[in-house]
Amino acid sequence: MTFTPHPSDVDRNSLVLDPEPLGEGGQGVVSRVQGAAGFVYKEYLRQTGQVNGAALAELVDFAHRLTAGDQDGLLTQCAWPVARVVDGNRVTGFLMPEVPGDFYGPIGGKLKLVELQYLLYRPNWSWASLHQPDIRGRLKIAEQAARLVDLLHKHGWVIGDLSFRNILWRPGPPYRVFLIDCDGMRRHAGQPVLPQAHTPDWDDPCQPPSGPDLDTDRYKLALLIGRVLCQSPDLRPGREPAFLPGLPAEVAAAVRDLFARAQGPYGTRPVAAEWVQALSGRRRIAVTRPPQRPATAPLPRAAPIRLPGEERGSVPVRTPAPRDPSPPPQPSAPASGRATVPVARPVRRASPGDMAPLGAAPRPKPVPVTRPAPSAGRPAPESGAGEDDGSARAGDRRG
């Protein structure tokens, strides 16, 4: 594949990284960048194969060209690539925002990423102290996920691997979601950066031979919403959903109808906007499927890229206490300030300070987190849930 320089490329030799990585998976290693608060670097492993530099550049361009409102919605909810990193004529990885601290929680006595899986199983001793939302909290998390999918689909992005492994949720009100592994996405009818991965038990039985697409995402969104509201890790359309107690009757009826429709043939699944209407309790109106935006379609006027605020609270680690009737403490609300990411200049040997000023000092380094694939029997997360046991998802061990 021919290498084409990009105006936002950053020289790999200019980066100074923390000595210990934040996490390592089948595709790459993630490390914090010194002198660039709020940024991390994902370096692809050699064995991942040929990196599609043009597809990665398109992800970067998308973030830079968005309007201010959509840009804020993207970068406060996604670990989106903001610059490619290159070594000579080779793309080695990319820079992205670090996962905010309030998406970590006490799991197995350590602070770990709070993945969607912790909403699908009943808590065991290793994460009994992790905050569990009531049905209205779950409803808000499901709505936030639907809104994020709607935002991405409106711009023609196929998520592909939408599952309980790459969606995080904030363990306490106000509930929010955060999408990781964003380099796994691709434009509708376009090529991915690397072959798209998938998660067992989150497959679309009607996925076309060409691979995941927008309709596949719609099926997986139905899986996500039904499983979160029913606390069921294997519920699928075609089965009657047994919602947790307390779901408003009008919402339950609307979700039940959309969930049944998701079983339909390819091209008939509810779009994300319909789920937003149903979950928010609004009167439902007909939602037409928008025409797919071509990969080369022009984006709206540019706006400066802004990242989430750096001073974020974390859920405190404490010993699990299943018999303690008092609720666990809530994580602090995120700060409203955002650091500005300057537009990168052409590749040169520079110091990380050329990417600054970026605002607040880096947060304390969280415990390294890896995310294994669930076993074939789909057991509930146990002690050390989320640690890499050497098993791999098909095509990816989460970089």
Note, [X] side chain near [Y] side chain (heavy atom, < 4.5 Å):
| X | Y | answer |
| --- | --- | --- |
| Leu279 | Leu229 | yes |
| Val10 | Leu15 | yes |
| Arg170 | Phe103 | yes |
| Ile180 | Val99 | yes |
| Pro173 | His131 | yes |
| Cys230 | Arg239 | no |
| Leu74 | Phe62 | yes |
| Gln207 | Pro212 | yes |

Whether the side chain of [X] engages the backbone of [Y] through a donor-acceptor N/O pair (distance < 3.5 Å, no angle test) should be reported.
| X | Y | value |
| --- | --- | --- |
| Asn52 | Ala55 | yes |
| Gln231 | Tyr121 | yes |
| Asp134 | Gly137 | yes |
| Arg90 | Thr92 | no |
| Lys42 | Val29 | no |

**OP:** Can you establish whether the number of heavy atoms outside Glu250 located under 6.0 Å from its atom CD is more than 12?
**Re:** yes
Subject >> Other residues, nucleotides, ligands: >12 heavy atoms within 6.0 Å of Arg136 CZ >> reply: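 Not more than 12 within 6.0 Å, no.
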Original post:
What about Phe178 and Val276, same hydrophobic cluster or not, with Ile/Leu/Val/Met/Phe/Trp/Tyr joined at side-chain heavy-atom distances under 4.5 Å?
Top reply: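 No, Phe178 and Val276 fall in different hydrophobic clusters.
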Where is the tightest heavy-atom contact between [X] and [Y], given as atom of each residue plus distance?
| X | Y | answer |
| --- | --- | --- |
| Val60 | His6 | CG1-CE1, 4.3 Å |
| Ile141 | Pro133 | CD1-CG, 4.1 Å |
| Gly226 | Phe259 | CA-CE1, 3.9 Å |
| Leu59 | Asp183 | CD1-CA, 3.9 Å |
| Arg236 | Pro205 | NH1-CD, 4.2 Å |
| Ile225 | Val255 | CG2-CG1, 4.4 Å |

Short N-O contact, [X] and [Y], less than 4.0 angstrom:
| X | Y | answer |
| --- | --- | --- |
| Arg32 | Asp18 | yes |
| Arg84 | Asp61 | no |
| Asp215 | Arg218 | yes |
| Arg261 | Glu274 | yes |

Subject >> Stepwise side chain to side chain contact (heavy atoms under 4.5 Å, CB included) test for Val40 and Leu95 >> reply: CA-CA 6 Å; Val40 295; Leu95 299 180; over 6 Å; no
**OP:** For Trp127 and Gln132, run side chain to side chain contact (heavy atoms under 4.5 Å, CB included): C-alpha distance rounded to whole Å, both residues' side-chain angles, the deciding distance at 0.1 Å, then the answer.
**Re:** CA-CA 10 Å; Trp127 48 288; Gln132 284 292 315; 3.5 Å; yes
Subject >> Single hit among His153, Lys154, Arg147 for side-chain hydrogen bond (donor to acceptor under 3.5 Å, both in side chains) with Asp150 >> reply: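 Checked His153, Lys154, Arg147 against Asp150; only one passes side-chain hydrogen bond (donor to acceptor under 3.5 Å, both in side chains): Lys154.
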How many angstroms lie between [atom1] in [X] and [atom2] in [Y], if you round to the nearest 0.5 Å?
| X | Y | atom1 | atom2 | answer |
| --- | --- | --- | --- | --- |
| Cys78 | Met185 | SG | CE | 5.5 Å |
| Ile167 | Leu116 | CD1 | CG | 6.5 Å |
| Thr199 | Gln117 | OG1 | CD | 10.5 Å |
| Tyr41 | Leu22 | OH | CG | 14.0 Å |
| Leu152 | Asp217 | CG | CG | 8.5 Å |
| Ile159 | Arg186 | CD1 | CZ | 12.0 Å |

**OP:** Evaluate the side-chain hydrogen bond (donor to acceptor under 3.5 Å, both in side chains) criterion for residues Gln77 and Arg176: first the C-alpha distance (whole Å), next the side-chain angles of each, then the deciding distance (0.1 Å), finally the verdict.
**Re:** CA-CA 8 Å; Gln77 299 179 90; Arg176 296 186 296 111; over 6 Å; no
Original post:
Regarding Gln196 and Asp161, is there a side-chain donor-to-acceptor distance under 3.5 Å anywhere?
Top reply: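 Judged by distance alone, the side chains do not pair up.
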**OP:** Indicate whether the side chain of Asp234 and that of Ser232 have a donor and an acceptor atom separated by less than 3.5 Å.
**Re:**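 Short answer, yes.
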**OP:** Give the C-alpha distance, both sets of side-chain angles, the deciding distance and a yes or no for side-chain hydrogen bond (donor to acceptor under 3.5 Å, both in side chains) between Thr216 and Tyr266.
**Re:** CA-CA 8 Å; Thr216 297; Tyr266 182 88; 5.9 Å; no
Subject >> Row check, Trp157 ring normal vs Arg187 NZ/CZ: under 6.0 Å, within 45° >> reply: yes
**OP:** Could you walk me through whether Leu221 and Leu162 pass the side chain to side chain contact (heavy atoms under 4.5 Å, CB included) test, one step at a time?
**Re:** CA-CA 7 Å; Leu221 178 60; Leu162 180 64; 4.2 Å; yes
Original post:
Does the pair Leu17 and Glu43 meet the rule for a side chain to side chain contact (heavy atoms under 4.5 Å, CB included), with working shown?
Top reply: CA-CA 11 Å; Leu17 307 177; Glu43 181 163 83; 5.9 Å; no
Subject >> Derivation of the ring pair (Phe, Tyr, Trp, His ring centres under 6.0 Å) call for Tyr118 and Trp169 >> reply: CA-CA 9 Å; Tyr118 296 108; Trp169 56 280; 7.9 Å; no
